[in-house]
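See structure below.
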Amino acid sequence: MALSWNEIKDRAIRFSKEWESELSEKAEAKTFWDQFFDVFGISRRKIGSFERPVHRLDESTGYIDFLWKGTILVEHKSRGKDLDKAYKQALDYFPGLADYELPKYVLVSDFARFRLYNLEEATQLEFELKDLYKNVKEFAFIAGYQKHVFKEQDPVNIQAAELMGKLHDRLKAVGYTGHPLELYLVRLLFCLFAEDTSIFERDQFRDYIENKTKADGSDLAQYLSMLFYVLNTPADKRLSNLDEDLNAFPYVNGKLFEETLAPASFDTAMRAILFESTALDWGKISPAIFGSLFQSVMNPVERRNLGAHYTSEKNILKVIKPLFLDDLWKEYEAVKSSRIQLIRFHDKLASLRYLDPACGCGNFLVISYRELRLLEIEIIKTLQKGQQVFDIHELLKLDVDRFYGIEIEEFPSQIAQVAMWLMDHQMNMRASEEFGQYFLRLPLRKSPNIHCGNALRMDWQSLLDQLPWDKKEQRFDYIYGNPPFVGNSLMNPAQKADMEVVFSGVHGAGVLDFVTAWYIRAAKYLSLPHDPDFQPTQTRCAFVSTNSIAQGEQVGVLWNELFNKYYIKIHFAHRTFKWSNEARGKAAVHVVIIGFSNFDIREKRIFEYQDIAGEPHEIIVRNINPYLVEGKDFVLSSRTKPYSNIPPMSRGNSPYDNGYLLLTEYEKENFIEAEPQALKYVKRFLSAKEFLNQINRYCIWLVDANPAEIRSLPLLEERIRKVKIFRENSPGVETRKYATTPALFRDRNNPDTFVLIPRHSSEKRRYIPIGFFDKSFIPGDSCMFIPNTTFYQFGVLTSAMHMSWVKYVCGRLKSDYRYSASIVYNNFPWPENLSEKQKKDVEDAAQKVLDVREKFLNPTENSPSHDLTISLSKKASLADLYDPLTMPPALVKAHQALDKAVDLCYRPQPFPNETKRIEFLFELYDKYTADLFTKEKPGKKRKT
């Protein structure tokens with residue numbers, strides 16, 4: 001057992017006094033270092049050797065004064081000698097050492113002085129012998145109190161996972177597969193962590209492999225099986241004649257080593273991989289980080305992108321801080337001045353239960369446990385202020401058994417359990433360092449409750465039903481996590497079947513992403529009846545989700561169900577941000593975080609992102625609607641037509657032609673040169689790409705064409721024939737249906753005037769580029785169009801007011817806008833009771849926007865030079881004009897004038913920002929459609 005810091009300091013003082021008196025006599029270096037390591041409760045003979053021979057680069061042989069492989073190299077000199085030269089001499093030994101032997105520290109001394117070099121952090125510390133007691137914590141790595149700083153980008157995380165991946169592949173190649181292989185690797189993972197985090201003696205596992213097994217690996221599996229058996233056997237139950245080195249390993253328990261596995265088989269290369277793994281400092285690897293990396297090694301495809309699905313600690317904190325951590329710290333600050341209240345708060349903290357119903361490798365649970373243990377340490381420090389801590393075991397109440405997880409795959413569920421134990425041990429070491437007493441929970445008497453199963457089919461409450469009753473109703477206090485990011489079109493058959501079960505009877509559920517099933521299951525859990533004999537638990541939930549559940553058509557389906565059936569209230573929300581990590585091949589998904597329950601709270605929090613890859617700012621609001629904006633609880637329904645008196649919006653024309661009715665600029669010129677009479681059938685075709693990038697594209701438009709004229713044009717007739725053949729041979733039933741009219745597009749919309757809106761547009765643009773066209777243009781199916789519109793309607797649609805609506809309610813493709821008629825356009829609240837002047841102001845401002853655009857899209861020599869940011873020799877495109885980096889000042893000014901004119905159609909004062917605009921629009925929508933809103937059921941009140 002490690003010594004307390006107080007004991008180490010006392011030993012350091014005695015050591016210094018004894019050797020200060022010895023320095024005048026002939027001092028013995030070996031005795032000096034034996035006693036130095038004894039200060040920290042370590043036997044020098046067990047960890048390394050004196051005068052280790054090593055070959056230098058000049059092929060001469062040197063002798064290292066003392067080497068603890070992989071940890072520290074000591075170079076000792078006589079009193080008064082140059083320590084710089086001693087350090088240089090120590091570095092000269094490095095080329096002769098194996099990689100796993102290279103030290104992390106170099107310590108040089110002349111009896112009277114110490115100089116410690118931390119090679120990983122590139123720091124050094126020098127002090128005199130008499131001051132050793134002041135610097136003992138610098139040698140925490142010797143004493144077993146090593147303090148690690150976890151870095152998400154640390155290469156050791158990737159290196160460790162890759163080594164385990166190699167070992168996995170080798171074992172699999174020899175036929176060791178499935179459950180035994182997965183559990184075997186998890187056990188090895190535990191052993192590697194254990195010897196670098198003071199669960200085992202330092203290098204105990206590595207020395208056992210090095211000293212007991214043959215170099216060819218032929219007996220390695222046998223010795224590992226013996227080790228696994230010993231780790232699961234209490235000391236008093238072990239064989240009396242057990243090998244001394246094997247018997248030195250502690251009893252672990254925790255069921256990790258309980259199952260008897262078939263022995264594996266190793267060879268020289270496999271033993272070398274395992275031995276190389278022991279050279280890494282596993283104490284530097286956060287269990288939260290490595291769990292996901294380790295899971296990735298099981299899949300060769302995922303291994304190429306190691307870390308692609310790892311959830312960073314920073315993002316996990318975005319969930320747990322507003323869900324429970326912030327409130328718990330506030331409560332601690334409020335009660336810390338009262339000992340009685342603080343003790344009660346400590347008891348409460350230790351009684352809370354946490355569930356992650358999609359826990360994977362346990363990242364969320366591990367980070368939660370760490371943060372709560374840190375809070376507990378602060379509680380104990382406050383309670384014990386001015387008092388000596390006699391028994392830390394009695395003070396620490398929080399344990400891993402209050403944490404529950406559900407994971408559908410067995411291997412990550414096993415990793416999650418081990419990761420929780422490892423984090424528990426690391427926090428025990430933190431408490432040991434804080435209170436000066438060594439604290440180790442071995443054997444493991446409590447376990448995290450990680451269940452392998454399908455969370456969408458399991459009864460979550462059943463995880464608690466076997467617990468003994470206490471004074472509080474047995475419910476989870478917090479349910480949270482990061483369910484799978486799977487879009488509705490990407491689900492596999494099993495996931496689709498799960499969705500059908502969860503959303504049975506819910507109209508329109510086919511549009512929902514997979515993550516929404518966890519919202520319904522959580523809402524059902526919240527609605528479970530409470531036992532009248534107990535104080536009810538107010539469970540709170542939070543999930544990371546694809547941002548599409550707060551946009552577009554999914555909102556109406558999901559939140560109607562959550563509001564109407566389960567009476568859900570949103571407590572906090574992170575609006576769309578980029579969920580990513582620092583690993584290679586990092587996954588970048590655009591997500592939201594929504595915290596909710598079935599009771600209301602007074603203050604709610606919205607975390608808004610100006611930059612989706614940046615940091616949020618917090619807004620306190622009265623209510624959060626499902627679009628994650630302050631406002632009443634309602635959803636926009638999918639409408640087939642606008643509720644306002646405006647023209648309907650339609651999707652553009654789909655050719656279904658395999659390209660035979662479409663022409664590039666070059667093809668059009670050749671076609672017309674060969675058949676000039678066909679010119680009258682050629683029109684400009686507008687797809688989103690051509691519209692945004694000013695690319696000329698054409699189509700053959702034969703609506704109401706004379707059949708005799710078509711037959712007189714053989715090239716045109718040949719194109720039609722090819723369309724017919726393509727449609728007849730198409731695997732699509734819909735396409736084959738149109739083979740009877742091969743001269744025509746599927747759709748035949750050619751209005752006199754129309755507004756064109758691309759269906760998809762970059763969210764980086766301040767405005768979606770919108771066009772105004774006449775009958776000579778044909779809108780393509782990658783765009784939406786509104787026939788027979790006015791300049792006033794064009795002006796409103798291209799204004800900041802409409803863009804605010806788009807940003808909050810339209811669907812997204814990643815973060816790009818996905819414009820729709822049924823949700824965005826048909827629900828948009830248009831201004832009412834306009835004066836002619838207001839309408840004319842918008843029309844004039846809209847015309848100005850088009851005029852300024854034209855100067856850049858088709859510049860002439862007469863264009864004012866100050867209006868142009870692009871050379872007259874090169875035309876700009878709408879993509880150029882609406883790029884936020886290159887948008888011309890003249891166009892910015894024209895849009896600002898239009899924005900003001902549109903704002904004044906809604907109210908007498910312009911809106912100061914987008915937030916005020918969207919809040920106003922939601923209130924206006926509320927007013928326009930009050931009778932269509934979802935009502936609360938009579939007699940059913942929300943809980944407050």
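Exactly one residue among Arg766, Lys764, His895 makes a side-chain contact (heavy atoms from CB on, under 4.5 Å) with Tyr882. That residue is His895. The ring pair (Phe, Tyr, Trp, His ring centres under 6.0 Å) test with Tyr478 singles out one residue from Phe324, Tyr525, Phe364, and that residue is Phe324.
Cation-pi geometry between Lys916 and Phe911 is not met: the NZ or CZ atom fails to fall both under 6.0 Å from the ring centre and inside 45° of the normal.
Under 4.0 Å is where a charged nitrogen must lie from a carboxylate oxygen, and between Asp633 and Lys569 at least one such pair does.
Between Tyr819 and His802, a ring centre-to-centre spacing shorter than 6.0 Å is recorded. Residues Phe607 and Phe577 place their aromatic rings such that the two centres sit no closer than 6.0 Å. Ring to ring, Phe634 and Phe922 are close: their centroids are under 6.0 angstrom apart.
Interatomic distance, Ile316 CD1 to Leu325 CG, rounded to the nearest 0.5 Å: 12.5 Å. Within the model, atoms CG of Leu317 and CD1 of Ile367 stand 7.0 Å from one another, a figure rounded to the nearest 0.5 Å. The CH2 atom of Trp805 lies 13.0 Å from the CG atom of Leu797; values are rounded to the nearest 0.5 Å. Note that OG1 of Thr790 is 8.0 Å distant from OH of Tyr792, once rounded to the nearest 0.5 Å. Here the CZ atom belonging to Phe691 is positioned 10.5 Å from the CZ atom belonging to Phe777, to the nearest 0.5 angstrom. Annotation: the span from Thr753 atom OG1 to Phe791 atom CZ amounts to 9.0 Å, rounded to 0.5 Å.
For His617, the NE2 atom is densely surrounded, since the number of other residues' heavy atoms within 6.0 Å is greater than 12. Counted within 6.0 Å of CG on Asn645, heavy atoms from surrounding residues, nucleotides or ligands total 12 or fewer; the atom is thus considered open. In Glu603, the CD atom is not crowded: 12 or fewer heavy atoms of neighbouring residues, nucleotides or ligands sit closer than 6.0 Å. Counted within 6.0 Å of NZ on Lys900, heavy atoms from surrounding residues, nucleotides or ligands total 12 or fewer; the atom is thus considered open.
Side-chain contact of Tyr767 with Asp899: a donor-acceptor pair under 3.5 Å is present, judged by distance alone. For the 3.5 Å distance criterion, the side chains of Gln554 and Ser548 qualify, holding a donor opposite an acceptor. Between the side chains of Asp513 and Thr516, not a single donor N or O lies within less than 3.5 Å of an accepting N or O.
In this structure, Trp559 and Phe563 have tilted ring planes: the angle between them lies in the 30° to 60° band. Phe828 and Tyr906 have perpendicular rings, their planes meeting at more than 60° on a 0 to 90° scale where under 30° would count as parallel.
The shortest distance between side-chain heavy atoms of His590 and Lys578 falls below 4.5 Å. Arg540 has its side chain within reach of Phe599: a pair of non-hydrogen atoms, C-beta onward, lies under 4.5 Å apart. Side-chain contact between Asn653 and Arg746 is absent, with no heavy atoms from C-beta onward closer than 4.5 Å. Looking at heavy atoms from C-beta onward, Ile520 lies in side-chain contact with Tyr566 at the 4.5 angstrom threshold.
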So Lys314 and Glu615, salt bridge (Lys or Arg N to Asp or Glu O under 4.0 Å) or not? Walk me through it.
CA-CA 11 Å; Lys314 178 180 175 182; Glu615 295 300 315; 2.4 Å; yes
